[in-house]
Number of protein chains: 4
Amino acid sequence: MNDYSFIFLKGSKVLKKTTKPKYKQIIDAAVVVIAENGYHQSQVSRIAKQAGVADGTIYLYFKNKEDILVSLFHEKMGEFIEKIEAEIAGKTSAAEKLLTLVEKHFELLSADHHLAIVTQLELRQSNKELRHRINEVLKGYLRTIETIIQFGKENGEFNPNLDVRLARQMIFGSIDETATTWVMNEQKYDLSALAKDVHALLVNGCGKTRQ
Amino acid sequence: MNDYSFIFLKGSKVLKKTTKPKYKQIIDAAVVVIAENGYHQSQVSRIAKQAGVADGTIYLYFKNKEDILVSLFHEKMGEFIEKIEAEIAGKTSAAEKLLTLVEKHFELLSADHHLAIVTQLELRQSNKELRHRINEVLKGYLRTIETIIQFGKENGEFNPNLDVRLARQMIFGSIDETATTWVMNEQKYDLSALAKDVHALLVNGCGKTRQ
Amino acid sequence: MNDYSFIFLKGSKVLKKTTKPKYKQIIDAAVVVIAENGYHQSQVSRIAKQAGVADGTIYLYFKNKEDILVSLFHEKMGEFIEKIEAEIAGKTSAAEKLLTLVEKHFELLSADHHLAIVTQLELRQSNKELRHRINEVLKGYLRTIETIIQFGKENGEFNPNLDVRLARQMIFGSIDETATTWVMNEQKYDLSALAKDVHALLVNGCGKTRQ
Amino acid sequence: MNDYSFIFLKGSKVLKKTTKPKYKQIIDAAVVVIAENGYHQSQVSRIAKQAGVADGTIYLYFKNKEDILVSLFHEKMGEFIEKIEAEIAGKTSAAEKLLTLVEKHFELLSADHHLAIVTQLELRQSNKELRHRINEVLKGYLRTIETIIQFGKENGEFNPNLDVRLARQMIFGSIDETATTWVMNEQKYDLSALAKDVHALLVNGCGKTRQ
DNA sequence: CATGAATGAGAGTTCATTCAT
DNA sequence: GATGAATGAACTCTCATTCAT
C-alpha cells in the first residue's frame, strides 16, 4: 500500500527514494485514512503515520488540518474534471456528452473506492465554512454540466425552455444521490452499470415535452 | 419564536409554565441552536440553555447527544411525511401526486428556515454511523416516492420499464439538490416557485421515451 | 500541605468537605507548583493535580493559564499591600512608615518561601503583555511608597527637592533587588535582619543633603 | 540597520561578503529579533533569517538556543563593563566614579534601544537556570560597584560602617529599576538626564549619617 | 424529577535540534 | 563549513457525561 517509498541497498549505501513528492504523498494518505476511519477519527498523527512522515512534516506542506481536506478535494476534483472534460470534448451531441459524463463519473468513483467514500460521505461532514470552500472547487464541475445543457438547448436536443440551473441541479443531484446510495450500500453493486439508465432518465427529463 | 415557555406574574408570584413536554422543548431548542450556530458549535449545554433546562435534564430525555439529533430528525421527518402523504392521498394521477410532493416538500422547508438549514446542511456533518441512523428515518420518505413511481408505471403514466430505484434516486436527488442549493444561497429566492419546473423535469424523465 | 480537603466518614456516608473555595485552592496550588518547578514546567495539569481537582475544573474558575498567574499576583499582592498599609497607618513619621514597609515587605516574603520565589523570579518570566497586567497590580504598591515620600517631603524629614518618582524607584529598586538576591541565594540568610540597614540607606538617600 | 552583510556585484559575479564573523552576526541578529518580537516570539529560525544564515548554521556557533542568549549577554555586558571601567579609572573620588557609572550606564542603554529592551525586559523571561548563568556574567559589574563603595568607605567619602553588599544592592537596584521603568514607558523620556539626581540619591544614601 | 459543578480523555500545532547533502 | 527539510515531543483547552444534592 505504501508504494511511495523504497529502501534499497546499492553497494554499501542506503538510499531512501521517494517517488512522489511529499505533498501528494500526504494527500493520498489522507484519502486512505479518512476513508477507513471516518473524518473525525482521522487525526493528523494518523495521516502522518500513513504517509510515512512525522507529524510536523504535515505542517510544512499544509497550513492546518482543514487545509489538507480542501487541498485533497481540489487535487482530486481537479483530475476528475480534467479527465471528464477531455472525454466530453470528443462527443458531438449533448446526449452523448451527458452519457460520457455520467459514465466517467461513475467509473472514476468505482476505480477508487477510498476516494468514493471520502467525497460522497466524509467530506460532507466538514463545517459550513469548509463546505463553502469545497463548493468553490465543485463549481467548475457544475459549470461543465451547464455547458452541456446549454449546448443541448441550442442544437435542439433539449427543451429550449429548460431552466439551465434547475436542469443542472437535477442532473448533478441525480448522479450524486445515485453515487451516495451506492457508497452507503458499501459499493456492493456495479455503479457503472447504472450509467445508461440514469442517463436515460436525465435526457428524457431535459428533452422536449411530449404534446 | 420561543413559543414553549412563558414567564408571567400572577399576584406576587413568579410562575414558569411550560406548555410543551420537555422532550419537544429540547428538540425545538436543538433545531434553533444548530441552525444558528452550526452543528459543531451546538454543545449540549447550549441546547440546554436555549431549552431553558439544566444540562443534566437533557439526559433524562435523551440517551446522549447523538440521540437528540436522531430524535430531532425522526420527529420532524415524521411530521414531514405525514403531511405530505395526507396531501398525496387526495390526488389521482402519479404526476399530480409527484407535483404535490415537490410542492409540499419545498413549502415545508420554506416555512421553517431553521429546520431547512438543519436538515440540508448541518445534520449531514454527523458521522457515518449517525448518518446511517438518519437514513433509516429517511427510508419512509423514499418509500413514499417509490410508491408513486410504481403507481405511475402501473397506470401507464410512466415508462413501464422504469427502474424504480433509479427513478427514486433521480427524484429525491433532484429535490434535495435544489433545496440544498437554495439553503446555501441563504434562501434568497422563492424555493416553492421552482416546484412546477422541477416537477416537469422529473415527470418528463420518468415518462415514456419519445420514439 | 493539602490542608484544604478532608475525607471523613460519618455514619455510613462519605463526605467530601472543602474548606477553601476552589478558586483559592487553585491559586495556592499554583504558587506551590510554580515555586517548585518553575514557570515553564508548571503545566495546568500539574497545578490541577496539586489542587486536587480535575484539569477541566481549572477552566471553571480561570479563563486560561495566564489568568491563573494574573489572579495569583492580584490576590497575593492585594493581601500584601493591605497588610503593609494597615501597619503603616499607625506610624507617625515618614522614616517610621518606611521602616515598617521594608520590615513588613521582607517579613511577608520570608514567611512564604514559595510566594517569594514566585514573585521575585518566576512571575517575571511572563511575556510583555502579562507583565504589563502584573504591573497594573503593582502600581498600588508603588503609590503607597510615593505617598510616604511625599509625606516626608512635606513634614521636613526628607529633602524638599526630592524627585518623588526617582526616590520611589530607588526605594522599590533597592528593596526588590535585595529580595531577589536573597531568593537567588536560596533564602540562605535572614532577609528580615537586613531591613534596618536597607532602611538606613534609603532614609539617608532621601534625607537633606549635608552641606 | 543590517550593517553586517553586503551583497555587491563585481564583474559578473555575485559575492556575499560578510564583514563580521558569523558569531557576532548572529548575536546582533538575536538582539534585534528579541527586541522587536519579544523573547517567546524569537524562534531560532527567525534569528537565523535575520542573521542571513541557515537555521543549522546557528548550531555551528552556539550549543543551543540558550547559549545564544548567554553569549549575547556575555558579549554585550562585557563591552558595557569595559567601557564603564575605562571611564571610571580616570576619576579620583568615589562620588565621581559613581556618577560616571550611572551616567555611562544610562547613556549606553539610551544609545541602543534594542539592547535596552532585551536586557531590561526580555532576557528576564528566561528560566531560573538561564538567569543564574546570566547572573554569573553580571557579577563582574556588581564587583565594579562594590569596588567603588569600598573605595568610598576607605577614603572617608562614605559611611565607614556601610554594608558593602547592601549598598551595592541599593545602587544596582536603583539604577536597574530606573532603567526598567524607562523601558516600560517606551523610552519616552531622556534617561541620561536622570543620572545626576539618581546619583545624588545614591551618594546621599551611602554618605555619613547626619548628626 | 431537576440541577449544574465537576470530570478527564483527547488532539492540533509549534519549534529546537539534527543530519544527509 | 553551510544548508534547510524533516523530526517528534510536549501542552493547553473543550465538552459530553455523571451524580450528589
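Reminder, nothing fancy here: chain letters follow the sequence lines and each chain counts from 1. Keep in mind that the numbers below use all heavy atoms, side chains included, and drop hydrogens, waters and symmetry copies.
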For DNA chain F, list all stems, counting runs of three or more consecutive pairs where every pair is Watson-Crick or G-U wobble with both distances under 3.5 Å.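 Stem list for DNA chain F: E:2-21 with F:2-21.
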
Please enumerate all residues that pass side chain to side chain donor-acceptor pair (under 3.5 Å) together with Gln41(B), with sequence neighbours excluded.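 With neighbours one apart ignored, the set is empty.
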
Identify, with sequence neighbours excluded, every residue that meets side chain to side chain donor-acceptor pair (under 3.5 Å) alongside Arg133(A).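 Arg133(A) satisfies side chain to side chain donor-acceptor pair (under 3.5 Å) with Glu66(A) once adjacent residues are dropped.
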
Using the test side chain to side chain contact (heavy atoms under 4.5 Å, CB included), find all partners of [X] that sit at least two apart in sequence or belong to another chain.
X         : result
Val137(C) : Phe73(C), His74(C), Met77(C)
Tyr61(B)  : Lys22(B), Tyr23(B), Ile26(B), Thr57(B)
Lys76(D)  : Ile27(D), Asp28(D), Val31(D), Leu72(D), Glu79(D), Leu115(D)
Arg124(A) : Gln120(A), Asp176(A), Thr180(A)

Quick check on contacts: within residues 55-70 of chain C, what sits under 4.0 Å from DNA chain F by heavy-atom distance?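 Of all residues in residues 55-70 of chain C, the ones placing a heavy atom under 4.0 Å from DNA chain F are Asp55(C), Gly56(C), Tyr59(C), Asn64(C), Lys65(C).
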
Taking OP1 and OP2 of dG8(F), is either one under 4.0 Å from a side-chain nitrogen or oxygen of Lys49(A)?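 Lys49(A) to dG8(F) OP1/OP2: no side-chain N or O under 4.0 Å.
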
Residues in ring pair (Phe, Tyr, Trp, His ring centres under 6.0 Å) contact with His40(D), at least two apart in sequence or another chain: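 If we apply the ring pair (Phe, Tyr, Trp, His ring centres under 6.0 Å) test to His40(D), skipping adjacent residues, the hits are His40(C).
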
dT21(F) and dC1(E): how far apart are their C1' atoms, nearest whole angstrom?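 These two C1' atoms come out 13 Å apart once rounded.
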
Length of the CD-P vector between Gln43(A) and dT13(E), whole Å: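 It is 13 Å, rounded to the nearest whole Å.
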
